[in-house]
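Below is one structure; the comments refer to it alone.
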Amino acid sequence: MENLPAEALTVKALQVQAFCLKGAFIDPDRLKLGVRIDETDYLSDPIDLPVSSLLRRSILDQNPAGGNWTVSAVNNARLALQAVN
């Protein structure tokens, strides 16, 4: 993830994306997308992995750690992914 530029003023939502593909006979079958804020992971519900390469996404309208998103909160967030069988 990149930091937002200095001229960014307002953040309406955060979108987490992963370009993914399920192996033919290999787990995992699903993926959770999210962010890590202050050592806590905030993950989406499991998303089925596609059998052909595809972009999967999760949109966070609110900061899961509390309140609205701010530029500072986005810049301090880290990508979090979890494989699920």
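Hydrogens, waters and symmetry mates play no part in the numbers below; they use all other heavy atoms, side chains included.
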(Q) For D61 versus W69, what's the shortest heavy-atom pair and its separation? (A) O-CD1, 3.7 Å
Q: Under the side-chain contact (heavy atoms from CB on, under 4.5 Å) rule, collect the residues that match up with S44, sequence neighbours excluded.
A: K32, L33, I47, S58
Q: Quick one: name the residues clustered hydrophobically with F19, using the 4.5 Å side-chain heavy-atom rule over I, L, V, M, F, W, Y, and just say none if it's on its own.
A: L55
In a table with atom names and distances, give each donor-acceptor pair under 3.5 Å that connects a side chain of residues 7-16 to protein atoms at least two apart or in another chain.
from : atom 1 : to  : atom 2 : distance (Å)
Q15  : NE2    : Q17 : OE1    : 3.1

Q. What closest approach, in Å, do P28 and L49 show between heavy atoms, and which atom pair accounts for it?
A. O-CD1, 3.4 Å
Q | Same cluster (ILVMFWY, side-chain, under 4.5 Å), Y42 and L60 | A | yes
Q: Give the minimum heavy-atom separation between L31 and A18, together with the two atoms involved.
A: CD2-CB, 4.1 Å
Q: Tell me, please, which residues at least two apart from D41 pass salt bridge (charged side-chain N to carboxylate O under 4.0 Å, His left out).
A: R36
Q) Of all residues at least two apart in sequence or in a different chain, which pass the salt bridge (charged side-chain N to carboxylate O under 4.0 Å, His left out) check with D48? A) none
Q. What's the spacing between D45 CG and R30 CZ if we round to 0.5 Å?
A. 10.0 Å
Tabulate below the donor-acceptor pairs under 3.5 Å that side-chain atoms of residues 73-85 make, not counting sequence neighbours, or state none.
from : atom 1 : to  : atom 2 : distance (Å)
N75  : OD1    : L4  : N      : 2.6
N76  : ND2    : S72 : O      : 3.0
N76  : ND2    : S72 : OG     : 3.4
R78  : NH1    : N75 : O      : 3.3

Q: Could you tell me which non-hydrogen atom of G67 sits nearest to which non-hydrogen atom of Q62, and how far apart they are?
A: O-OE1, 3.3 Å
